[in-house]
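So you know, we letter chains A, B, ... as the sequences are listed, proteins then strands, and number each from 1.
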Amino acid sequence: MFDWEREMVSCVPEYYKWTEWFFKQFYEAGLAYRNEAMVNWSPTLQTVLANEQVIDGKDERTGQPVIQKMMTQWFFRYTRYTDEMLNFDNIDWPEPIRIMQTNWIGRSEGARVVFKTEHGEPLEVYTTRPDTLWGATFMVLAPEHALVDKITTDEQREPIETYRAQAARSTEIERSAEGRDKTGVFTGAYAINPVSDARIPIWIADYVMVTYGTGAIMAVPSGDQRDFDFARKFGLEIIPVVQPEGEQFEGAAMEQAYDGSGVMINSGILNGIISNGQKGRKNPAVNAAISMLEEKGIGKESINYRLRDWLISRQRYWGSPIPMVQKQDGTFEPVPDDQLPVLLPDDVDFLPTGQSPLKLLEAFQNTVDSEGKPAKRETDTMDTFMCSSWYWYRYLSPHYANGPFDPEEAAYWLPVDVYTGGAEHATMHLLYSRWFTKAMRDLGMFEETMDIMKAHGRDPEVMQLGEPMLKLRNQGQVLGEERSGHYIVASGTWQATKLFADKVDVIDPADAPAKRSKLVVGEIIKRTENLLTVDVGDGELRTVEVVPEAVVNIPGMQGVGRPDQLKHHLEIQRMSKSKGNVVNPDEWVARYGSDSVRAYMMFGFDWQKGGPWDSKGIQGAVRWVNDVWDIVTGYNPPAHGNAEAERDIERKLHQAIRRVADGLENFSFNGSIAGLMKFRNDLKDVMKSGSVGAAAWKAAIRDMLLLMAPFTPHVAEELWAQQGHGYSVHQQSWPEYDAAKAAEDMVTLVVQVNGKVRDRVEVAAGISEADATTAAMNSESVQRALNGGSPKKVIFIAGRNGQEPKINVVV
RNA sequence: GGGGAUGUGGCGGAAUUGGCAUACGCGCAUGACUUAGGAUCAUGUGGUUCACACCUUGCGGGUUCGAGUCCCGCCAUCCCCACCA
């Protein structure tokens, strides 16, 4: 149900005023900052992109390559809440989403170790395997690492500069497309291994990312395959430090890196300690290594995250303006609250300059600072994920003027109970949203809400979680229908391997004529304009061009047939105009009514999975709705029925209540409707037997309509009114489930022999173990299996929750 | 390379904690009603088998009195991440 009084639009000033306000709040709290950083730059879009918007080194929208570039940009301290965002204890979110977010945040446990160059410059690295420190035989810096310039020797300067220039030019795709073939250049400088005092060469290579860890690694070729590949390629030393039982590793002879468990060798004081191959303190060798590093003061335990701060600047027009002005001295200050929002100008020119139109608009940029001196407005706008990171708070009170939301409303509604959306939002929208809410909490934005909650007797503790949505479920997508192509007979003239058809008839495959040289007979696999690809059987394809004046006969198609009306084969895939498999719900609603279409949408699929549309499958829902209509309007029950039958329909009603309610809570809507369809079948049986009296019948119908209301709201309302009940069916209390009423008197005792079902016996519900055993022993199948002997064991399982009792005889 | 999900009749899909596998629906078959049927009604419909009976949840093992469900190893498909040190 939609409450249109709470409609809001994120690109109107009434909304984005508060998006800007949030930015300002974050800025003043130190959660927003400006920094120079290596960013993803899209030359195509002429803007920077968040890591989340770069897929395989390409921009997710255009598929064009993205390059790395140093730029000054606005960031949010996304990493402030890494550990809290890894905690899902108090929210009910799907496991796959939690795993994806966990992997995205990418927490890794290890240590930072400070190496020194020969000349004494400190060179810090991050490693998850400090136990392998003695095996570090060289170091690798990212090409962009700040120390490269300083340490490179004169002889190596030229190749280093060439390599760095090349790395800067190349896109991330090119860097990873090289796969395992390592490249790199020696700087000419050496470092001292702080534990072994070995003099080890320092290289640069693009397999080390400047953005992760410290942008520098200690390379342990005996334990890391990437380092191993690099060492082999450039002839660097390999020292084994972890040796599995029964092996005798020799650095020169190793064929690949070994990262499994074993015992430490060549490792000074660590020799003999077990390294179990794990990361963190769980590994005895790592544990010992970290203690040693901290004791000697050359390193310390350290946690590292894959997650970077959230880059929110965009060099484009669309998006909320960043409410900052740059003063003449170059520093920034926020726009005063009473001047918010900074409006997006509507007189911009979209010129192909490669720059944001705002950059070209002097009138927008020129302003004054808080002292009245000339200043320049920030022309970057915010990532539109900003707008979607808090919209549900605005829903509460879309026209509220004193803040982003009305705390009175918030105290009633927050947090969101259930949120549904696609799983594709896992690492973007849903993670941003969690960050945003945690930041709001820490900035005290929920304080007033919590006071009001307290005043209304609601426990405000839940707001301390800083979680926007307590329960999340992902829905699947309804895909296009699988459809076979038209089966055709095309005739015309051949030119080389192509048939120019002047006549095309769509036929039933059963009526296909025999193969003839002048004909093409088969299913259309593909059609582009008037060019057909036809499967003539045995996987053989023919190309047919339908000439402009050709006669096209399509049975059931009115008017003169055109080649573009010929259907081609479609596999199950997403609906899209270009594939021609879009199912327009309006057409189906016009044909069957919205309740039937709605019921089918809920019944025909696993809601969390989605699946292909099936234009025949909808018939089941249509028949159900029609049947219910006929049952309710077209049957006159007798004044009095028999008690047993009335008890039985009451029982079935309560079983239906249970199924419908369970389905609604678990998002198994198909189960709910299956329960209702079954009840429809039960009612039809009652109609046939005429055994239920008017009062019991009317009561059953009444509750069924209540159960149907969420699924077929219009038909339920109409029938509710026709039954003489007051408006509205949607404002009644839900039928209460009564387990006693749902319980069966007689149940089927399932008799198993060695766990396999061999017999079924009708017995009274709640049968005792002794009686069940007697019944089982009297079963012919059991007698046969026992063959005169006695059972080894008999296991009785009483029926729970309406389940049948079972008895298993072990022979 | 790492992580995740899925795999059940001809099809969509059911199956609380391990306890009658295939609910509900589509389709199909036979019959009825009909000038007609893409309507409706009845019956049937996992497989092998005349039957008795046996087998069956991607494949192979295991745990258990009992496995679609739990564990181990494969295979297939899809998704996410990816030189992350």
Side-chain angles (χ1 to χ4, degrees), chain A residues 55-57 94-100 102-104 106 108 110 125-129 132 140 172 175-176 178-182 205-209 211-220 223-227 229-230 279 304-307 423-424 426-427 482 600 603-606 608-609 611-621 623-624 626 630 659 662-663 666 668 670-681 684 688 747-760 781 791-811:
Chain A
I55 311 289
D56 288 336
E95 175 88 18
I97 299 291
R98 303 199 311 254
I99 290 167
M100 277 192 258
T102 302
N103 291 343
W104 188 260
S108 98
V125 299
Y126 172 76
T127 176
T128 56
R129 293 297 303 275
T132 62
V140 187
E172 231 174 80
R175 279 170 77 149
S176 56
E178 291 165 28
R180 300 240 158 261
D181 199 19
K182 296 283 179 289
D206 62 11
Y207 80 92
V208 174
M209 306 286 122
T211 45
Y212 186 77
T214 62
I217 62 161
M218 63 174 207
V220 183
D224 183 291
Q225 192 59 39
R226 293 157 303 178
D227 298 344
D229 294 341
F230 195 84
K279 301 192 169 166
N304 210 40
Y305 299 91
R306 204 190 79 102
L307 193 76
E424 70 275 13
T427 55
E482 184 171 34
Y600 171 60
F603 175 67
F605 309 87
D606 171 351
Q608 306 206 34
K609 198 170 127 201
W613 175 264
D614 179 358
S615 53
K616 283 186 192 144
I618 192 171
Q619 287 301 332
R623 284 180 194 136
W624 172 52
N626 287 342
D630 292 344
R659 280 202 75 180
D662 282 357
N666 303 325
S668 308
N670 49 1
S672 293
I673 293 181
L676 285 164
M677 285 178 170
K678 199 179 173 79
F679 191 61
R680 173 263 320 254
N681 296 342
K684 280 174 125 180
K688 265 183 240 162
V747 293
T748 308
L749 174 68
V750 177
V751 180
Q752 301 177 325
V753 175
N754 291 336
K756 291 193 192 275
V757 178
R758 285 293 176 262
D759 207 352
R760 296 177 173 89
S781 306
K792 280 187 198 157
K793 205 172 177 184
V794 176
I795 290 145
F796 175 71
I797 303 102
R800 288 164 297 181
N801 296 334
Q803 283 182 347
E804 316 297 351
K806 281 137 213 123
I807 190 154
N808 190 8
V809 180
V810 184
V811 178

Please determine whether a side-chain nitrogen or oxygen atom of A:Arg98 lies at a distance below 4.0 Å from atom OP1 or OP2 of B:rG4. no
Using a cut-off of less than 4.0 Å, is there contact between a side-chain N or O of A:Arg758 and OP1 or OP2 of B:rC20? no
As a test of reading the structure: which of B:rG25, B:rG19, B:rC84 is closest to the side chain of A:Arg226, going by heavy atoms? B:rC84
Could you run down the sub-3.5 Å N/O contacts of the protein with nucleotides 36-45 of chain B?
| from | atom 1 | to | atom 2 | distance (Å) |
| --- | --- | --- | --- | --- |
| B:rC41 | OP1 | A:Lys684 | NZ | 3.4 |
| B:rA42 | OP1 | A:Lys688 | NZ | 3.1 |

Verify the contact: side-chain N or O of A:Lys793 to OP1 or OP2 of B:rC65, cut-off strictly under 4.0 Å; return yes or no. yes
Would you say B:rA85 has OP1 or OP2 under 4.0 Å from some side-chain N or O of A:Tyr126? no
Of all the nucleotides listed (B:rG13, B:rA23, B:rU16), which has the minimum atom distance to the side chain of A:Asn670? B:rG13
Report the nucleotide, chosen from B:rA85, B:rG3, B:rG25, that has the shortest atom-to-atom distance to any side-chain atom of A:Val208. B:rA85
Which way is the base of B:rG18 turned, syn or anti, if we draw the line at 90° from 0? anti
N/O (side chain, A:Lys678) to phosphate O (OP1/OP2, B:rA23) under 4.0 Å: no
What is the separation between atom CZ on A:Phe230 and atom P on B:rC83, rounded to the nearest whole Å? 17 Å
Does A:Trp104 form a ring pair (Phe, Tyr, Trp, His ring centres under 6.0 Å) with A:Tyr305? I'd like the steps, not just the answer. CA-CA 9 Å; A:Trp104 188 260; A:Tyr305 299 91; over 10 Å; no
Can you check whether A:Arg226's main-chain N or O pairs, donor with acceptor, with A:Asp224's side chain at less than 3.5 Å? yes
Using a 3.5 Å limit on both distances, find every run of at least three consecutive Watson-Crick or G-U pairs that involves RNA chain B. B:1-7 with B:75-81, B:10-12 with B:24-26, B:27-32 with B:40-45, B:46-48 with B:53-55, B:58-62 with B:70-74
